[in-house]
2 protein chains.
Amino acid sequence: MNAPTASVSLNNIKVACSQCNLRELCLPVGLTEQEFSKLDALVGGRRKVKRGQSLYRAGDPFEAIYAIRTGFFKTDLLLEDGREQVTGFLMAGEIMGMDGISNEAHTCNAVALEDSEVCGIPYAMLEQLQQEIRALQHHFYKVMSREIVRDQGVMMLLGSMRAEERLAAFLLNLSQRFTARGYSPTDFHLRMTREEIGSYLGLKLETVSRALSAFQESGLVNVQQKHIQIVDIDGMKKMLSRQANC
Amino acid sequence: MNAPTASVSLNNIKVACSQCNLRELCLPVGLTEQEFSKLDALVGGRRKVKRGQSLYRAGDPFEAIYAIRTGFFKTDLLLEDGREQVTGFLMAGEIMGMDGISNEAHTCNAVALEDSEVCGIPYAMLEQLQQEIRALQHHFYKVMSREIVRDQGVMMLLGSMRAEERLAAFLLNLSQRFTARGYSPTDFHLRMTREEIGSYLGLKLETVSRALSAFQESGLVNVQQKHIQIVDIDGMKKMLSRQANC
DNA sequence: CGCGGGTTTGATAACTTTCAACCTACGTGG
DNA sequence: CCACGTAGGTTGAAAGTTATCAAACCCGCG
């Protein structure tokens with residue numbers, strides 16, 4: 001057993017991307033061993049973020065992007081009057097902070113919704129490494145592009161759906177992302193409050209609550225506080241295509 | 001006079017980025033002459049798109065991104081039921097098509113709202129050239145990041161503003177972009193219909209029309225069909241910060 | 001055991017959409 | 001060159017959806 005000695009600080013434990021069970025979510029496939037070892041050297045190390053704490057705040061100088069190892073985050077913007085607009089919810093394997101590239105400062109806040117751990121990837125080094133690993137460059141463009149496509153989807157949701165449709169789309173999206181991580185597609189725990197869901201969906205918290213109650217009423221879901229059980233996932237999907245029938 | 005012979009097809013006229021008066025909008029600053037000549041070789045050539053025509057459609061294989069030389073575009077998604085969601089309006093110097101990187105296919109349609117001309121930039125070659133010109137890599141990441149930030153702004157608009165606030169934000173955004181291109185900040189021509197504005201802002205065309213009428217009523221703007229004259233630009237800006245006072 | 005954040009539910013108000021009629025400008029073809 | 005057709009725009013009244021305000025509830029935690 002190679003137990004670490006006391007002199008090895010926990011902070012020095014580097015992430016080994018090559019060993020990470022999330023690498024298929026966050027890295028390109030088909031890297032060589034050599035490429036992996038370069039990558040392992042790049043990743044700056046893990047950082048724990050306690051529930052409620054910020055990983056970064058709007059205005060902070062941009063230095064790194066972050067891959068979530070464990071936990072759950074929201075990103076939001078604060079308006080002058082103190083109201084917040086949640087712009088995204090992020091889970092393990094997803095990448096945060098790319099908004100900061102354009103101005104060399106973050107434009108939103110990233111707040112942990114549960115105790116979480118992230119891998120920091122210093123951006124300057126990432127740009128450097130992309131010169132050496134073409135697959136990484138290609139992959140990273142894809143990641144950013146995916147973010148743009150995701151945002152377009154949210155714009156569509158906010159621009160053209162009604163409250164219940166928005167909530168159905170939201171739950172189905174979560175379901176799909178949990179599935180991709182090996183969790184149940186139909187049973188999950190909401191890490192965010194109704195107010196945060198509402199902010200993300202452009203609704204008030206009461207409206208979110210009412211929509212959930214309505215779904216329960218129709219037998220689409222069981223809601224117990226933050227625990228959601230999707231009973232009729234096809235019925236939920238029909239809520240989205242329903243617009244096609246009007 | 002070096003008049004082209006008949007054998008010189010118009011299609012062969014290459015763009016010279018180094019000569020383009022929009023290069024400051026679309027390229028990094030500080031490129032060397034040598035770098036510029038590489039770039040000139042890269043850009044695939046101009047393409048004219050007549051009003052109403054598509055530059056690309058959702059589902060088209062992704063081959064290139066496009067910089068707008070002249071004209072005006074909208075990007076939109078078509079829902080199953082035929083309704084459209086406009087996701088952006090783009091003008092000279094702006095770059096389109098980055099949504100296509102993630103799936104190697106475009107996810108939206110790009111339609112010219114007036115006779116336009118674009119520079120196609122084959123994506124594979126762009127990735128290649130970034131290996132040679134670091135400044136280009138950095139710049140292009142910034143462009144994509146800016147797109148993400150822009151989308152966040154739209155999400156905020158759709159998620160937390162009322163009809164008149166949305167329209168005010170929209171007009172001020174146009175004003176600012178026209179200004180950056182040397183046009184009047186207060187006098188401009190809308191290239192899109194009320195319906196397209198409405199789709200972009202998550203409103204019905206009648207609501208857009210009413211909001212414009214209300215602005216005219218309050219002496220904020222003069223509206224004559226598609227010609228907009230902003231009379232009280234500070235008043236418009238107050239419409240946005242107004243939320244802070246409630 | 002009680003407090004407080006988060007949630008649910010009801011009644012009312014505010015906003016936006018819908019439906020409908022009418023108007024305006026522009027391009028086409030006689 | 002003018003008339004007419006049509007797409008786009010404006011306005012009004014009614015309906016629908018969501019927000020707001022208010023009260024009560026639930027549950028975890030100190």
Side-chain angles (χ1 to χ4, degrees), chain A residues 51-52 74 79 81 83-86 111 113-115 157-171 189-218 221-228 239 242-243 246, chain B residues 50-52 74 81 83-86 111 113-115 157-168 170-171 189-218 221-228 239 242-243 245-246:
Chain A
R51 174 177 171 177
K74 71 173 175 184
L79 291 77
D81 65 347
R83 274 186 314 188
E84 76 166 336
Q85 168 74 32
V86 173
V111 180
L113 295 181
E114 61 183 36
D115 292 355
L157 179 145
L158 291 171
S160 70
M161 291 186 187
R162 312 233 242 71
E164 294 191 5
E165 293 168 346
R166 293 183 199 186
L167 192 65
F170 173 70
L171 293 176
H189 185 82
L190 297 177
R191 273 75 171 183
M192 69 297 279
T193 66
R194 304 286 192 261
E195 186 168 20
E196 287 161 337
I197 298 172
S199 171
Y200 181 62
L201 298 179
L203 302 168
K204 292 295 159 190
L205 69 94
E206 295 95 330
T207 307
V208 173
S209 178
R210 276 184 242 272
L212 279 174
S213 301
F215 285 171
Q216 176 140 290
E217 197 72 16
S218 344
V221 299
N222 276 325
V223 186
Q224 237 145 14
Q225 297 296 121
K226 301 207 161 169
H227 180 234
I228 298 283
M239 296 231 46
R242 190 186 59 66
Q243 1 178 316
C246 301
Chain B
K50 284 225 165 298
R51 174 178 170 174
K74 71 173 175 186
D81 65 348
R83 275 187 313 188
E84 77 166 336
Q85 168 75 32
V86 173
V111 180
L113 295 181
E114 60 181 37
D115 292 357
L157 179 147
L158 291 171
S160 71
M161 292 186 186
R162 312 231 245 71
E164 293 190 5
E165 295 168 345
R166 294 183 199 187
L167 192 65
F170 174 70
L171 293 176
H189 185 82
L190 296 178
R191 270 77 171 183
M192 69 297 279
T193 67
R194 304 287 192 260
E195 186 167 20
E196 286 162 337
I197 297 172
S199 171
Y200 181 62
L201 297 178
L203 303 168
K204 293 294 158 189
L205 68 94
E206 295 95 329
T207 308
V208 173
S209 178
R210 277 185 243 271
L212 280 173
S213 301
F215 286 171
Q216 175 140 291
E217 197 73 15
S218 346
V221 300
N222 275 326
V223 185
Q224 237 144 16
Q225 296 296 121
K226 301 206 162 172
H227 180 234
I228 299 281
M239 296 231 45
R242 190 186 59 64
Q243 359 177 319
N245 307 331
C246 301

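The chains referred to below are lettered A, B, ... by the order of the sequence lines, with proteins before strands, and numbering in each begins at 1.
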- Side chains of A/Leu113 and A/Glu196 in contact at under 4.5 Å (non-hydrogen atoms): yes
- Message: With heavy-atom distances below 4.5 Å as the criterion, would you say the side chains of A/Leu167 and A/Phe215 are in contact?
- Response: yes
NA contact type, [X], heavy-atom cut-off 4.0 Å: base, sugar-phosphate, or nothing?
| X | answer |
| --- | --- |
| A/Gly198 | nothing |
| B/Thr207 | base |
| B/Leu212 | nothing |

- Which pair of non-hydrogen atoms, one from A/Tyr200 and one from A/Leu158, has the smallest distance, and what is that distance?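 Looking at all heavy atoms of both residues, the shortest contact is O-CD2, 3.8 Å.
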- Do you know the tightest heavy-atom contact between A/Glu165 and A/Ser160? OE1-O, 4.2 Å
Quickly work out the [X] [atom1] to [N] [atom2] distance and round it to whole Å.
| X | N | atom1 | atom2 | answer |
| --- | --- | --- | --- | --- |
| A/Glu196 | C/dG5 | CD | C1' | 12 Å |
| A/Leu113 | C/dG6 | CG | C1' | 14 Å |
| A/Leu190 | C/dG5 | CG | P | 21 Å |
| A/Leu205 | D/dC21 | CG | P | 13 Å |
| A/Glu195 | C/dG4 | CD | P | 18 Å |
| B/Leu158 | C/dT16 | CG | C1' | 14 Å |
| A/Met161 | D/dT17 | CE | P | 16 Å |
| B/Arg162 | D/dT20 | CZ | P | 8 Å |

[N] phosphate, OP1 or OP2: any side-chain N/O from [X] under 4.0 angstrom?
| X | N | value |
| --- | --- | --- |
| B/Lys204 | C/dT18 | yes |
| A/Arg194 | C/dT8 | yes |
| B/Ser213 | D/dT11 | yes |

- Query: Counting only N and O atoms by type, is there a donor-acceptor contact under 3.5 Å from the side chain of A/Glu114 to the main-chain atoms of A/Arg51?
  - Reply: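 Not confirmed, A/Glu114 side chain does not pair with A/Arg51 backbone.
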- Message: Let's see if you can work this out: which of D/dA19, D/dT17, D/dG8 has an atom nearest to the side-chain heavy atoms of A/Leu203?
- Response: D/dA19
- Which of C/dC19, C/dT7, C/dT9 is nearest the side chain of A/Glu206? It is C/dT9
- Item | Position toward the 5' end of DNA chain D (nearest nucleotide), A/Gln225 or A/Arg210 | A/Arg210
